[in-house]
Amino acid sequence: MSLLSTRRRRVRGDLVALGLLLAAIAVGFGFGVRLYGAAHFGPGAPDTFGEWPVLGAWLPHVGPGTPFALMVAVAVVAWGPDLAARLPWRRALLLGYATCVAWIFALAMVDGWERGIAGRLPAPTEYLHEVPGITDVGVFLRTFSSRILDFQPDSWTTHVSGHPPGATLVFVWLDRLGLAGGGWAGIVCVLVGGLTAVAVPATVALLGKPELARKTLPFIALFPGAVWIGVSADGLFAGVTATGIALLALRRSWSAIAGGLVLGFGMFLSYGLVLLSIVGLAVLFTGRRSVRLLALAVAAAAAVVAVFALAGFWWLDGYHLVVERYYQGIANDRPYWYWVWADLASLTLVIGPAIAAGLPRAWRFPVVAAAIAVILLADVSGLSKSEVERIWLPFAVWLVPAVGFLAGSRTRWWLAGQAATALIVNHLLLTTW
């Protein structure tokens with residue numbers, strides 16, 4: 001078989017994968033409208049949110065961030081691949097981070113400062129709602145588990161109860177540093193979330209794939225999931241845990257300990273982030289294996305668990321209680337048969353067409369294979385019914401290296417498709433996060 005025919009066959013495979021992506025989105029939305037009613041899928045109040053399968057309200061709109069988002073998209077499509085290929089690596093990573101942050105901010109500002117950034121995290125269901133009442137961190141940790149369950153006078157708000165206390169502590173610490181309010185919280189989430197644009201390609205390069213890392217860089221900078229990184233706490237979680245995994249990839253004793261500490265704290269940001277240990281293992285055991293580094297990382301993570309336990313919060317107690325709380329609320333009305341595949345339809349909007357098209361071949365790369373395994377485990381667990389466009393952000397960023405397995409040289413076309421996905425979603429829907 002000639003090289004040309006092989007390339008054509010691979011391109012056809014990419015297009016088939018893209019067709020399946022579009023079909024998954026269409027079916028997910030179609031069944032969602034049928035399941036939850038079509039009332040949300042049309043002009044309505046911005047605070048009326050539907051699930052089909054992305055949580056949001058149908059509200060075609062433009063905003064102050066629109067021209068800036070378009071400029072960032074055009075710049076990355078035009079110059080991103082060339083700059084990623086020829087710049088010195090550290091300078092390329094720095095430019096990737098700046099571009100990613102600009103992209104996230106621009107997309108968030110499509111909804112305006114208040115609705116897109118400052119007003120997100122102070123919402124009644126969010127973390128900042130509880131911050132003023134937390135005057136003693138020790139008491140907060142000791143009594144945290146007792147307030148997880150719903151239908152009691154002092155129950156935590158939805159997001160506080162649904163996560164370990166580390167998530168809320170981040171915003172308490174910001175408040176103590178004088179960075180109070182939704183504006184500062186939103187900015188921090190964006191700045192930390194943007195670290196994914198450094199951590200993911202850096203990890204790929206450290207695993208001995210420098211060319212793949214350079215191909216990954218413009219795609220992680222223009223990641224469609226940026227719609228939900230700005231502004232959600234899960235965007236912050238993605239940046240923190242990606243940094244932890246990148247530290248493991250350095251393969252030094254100090255970095256293994258630092259990575260273990262960061263990932264250990266990640267377990268106290270969201271219960272589901274414990275699954276990222278699979279990605280961590282893939283990083284440590286790709287190429288030169290090191291049981292010693294694994295032991296150091298595990299010991300460091302265990303030290304974080306011990307500190308929280310000594311302070312009064314035991315992770316397993318919180319996990320069992322949050323599962324009970326999960327089914328006290330709307331999750332009990334979300335049918336498993338729909339969300340077990342509709343979540344994957346939602347994920348396709350987060351990762352975009354280029355990543356989806358590259359996945360059929362990219363599973364051979366250990367980090368991507370580990371991310372796929374993590375997502376499938378989260379999916380079948382039944383504990384991620386809906387809202388995965390934000391919940392799975394820490395997992396989804398590790399699928400981005402799949403773009404390096406696309407056939408042909410249509411990089412700019414794929415980048416344009418990524419940008420278009422984010423822009424269409426952000427301008428047609430008023431997303432909840």
J.: Calculate, to the nearest 0.5 Å, the distance between atoms CD1 and CZ belonging to I220 and F223 respectively.
T.: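 The distance works out to 5.5 Å.
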
J.: Could you walk me through whether F219 and W414 pass ring-ring contact (aromatic ring centres under 6.0 Å, His included), step by step?
T.: CA-CA 9 Å; F219 284 90; W414 286 117; 8.4 Å; no

J.: Between H427 and L423, is there a donor-acceptor pair closer than 3.5 Å when you use the side chain of the first and the backbone of the second?
T.: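 Looks like yes, one N/O pair under 3.5 Å.
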
J.: Evaluate the ring-ring contact (aromatic ring centres under 6.0 Å, His included) criterion for residues W315 and Y271: first the C-alpha distance (whole Å), next the side-chain angles of each, then the deciding distance (0.1 Å), finally the verdict.
T.: CA-CA 8 Å; W315 190 91; Y271 294 101; 5.5 Å; yes

J.: Please determine if R390 forms a cation-pi arrangement with W228, meaning its NZ or CZ atom is less than 6.0 Å from the six-membered ring centre and no more than 45° off the ring axis.
T.: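 Pair R390/W228 does not count as cation-pi.
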
J.: I'd like to know if R214 pairs up with D82 as an ion pair, taking the criterion as any Lys NZ or Arg NE/NH1/NH2 lying under 4.0 Å from an Asp or Glu carboxylate oxygen.
T.: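 Answer for the salt bridge query: no.
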
J.: ring-ring contact (aromatic ring centres under 6.0 Å, His included) for W339 and Y336? Distances and angles first, verdict last.
T.: CA-CA 5 Å; W339 286 107; Y336 180 85; over 10 Å; no

J.: Looking at L347, is its backbone amide N or carbonyl O close enough to the side chain of E389 to form a donor-acceptor pair, meaning the two atoms are under 3.5 Å apart?
T.: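 A pair under 3.5 Å: no.
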
J.: Using modelled atom types and a 3.5 Å cut-off, is there a donor and acceptor pairing between side-chain atoms of H61 and backbone atoms of L59?
T.: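 Yes; at least one donor-acceptor contact below 3.5 Å.
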
J.: Is the closest basic N to carboxylate O distance between R120 and D111 below 4.0 Å?
T.: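 Counted as a salt bridge, because a side-chain N and a carboxylate O are separated by less than 4.0 Å.
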
J.: Is a donor on one side and an acceptor on the other found under 3.5 Å between the side chain of Y97 and the backbone of L191?
T.: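 At least one qualifying donor-acceptor pair exists.
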
J.: Within the side chain of T66, is there an N or O that forms a donor-acceptor pair under 3.5 Å with the backbone of V62?
T.: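 No, because the side chain of T66 does not come within donor-acceptor range (under 3.5 Å) of the backbone of V62.
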
J.: Counting only N and O atoms by type, is there a donor-acceptor contact under 3.5 Å from the side chain of E130 to the main-chain atoms of T157?
T.: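 Looks like yes, one N/O pair under 3.5 Å.
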
J.: To the nearest 0.5 angstrom, please state how far the SG atom of C100 sits from the CG atom of L93.
T.: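 Separation between the atoms: 12.0 Å.
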
J.: Is there side-chain contact between V227 and L349, with at least one heavy-atom pair below 4.5 Å?
T.: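 Contact flag for V227/L349 side chains = no.
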
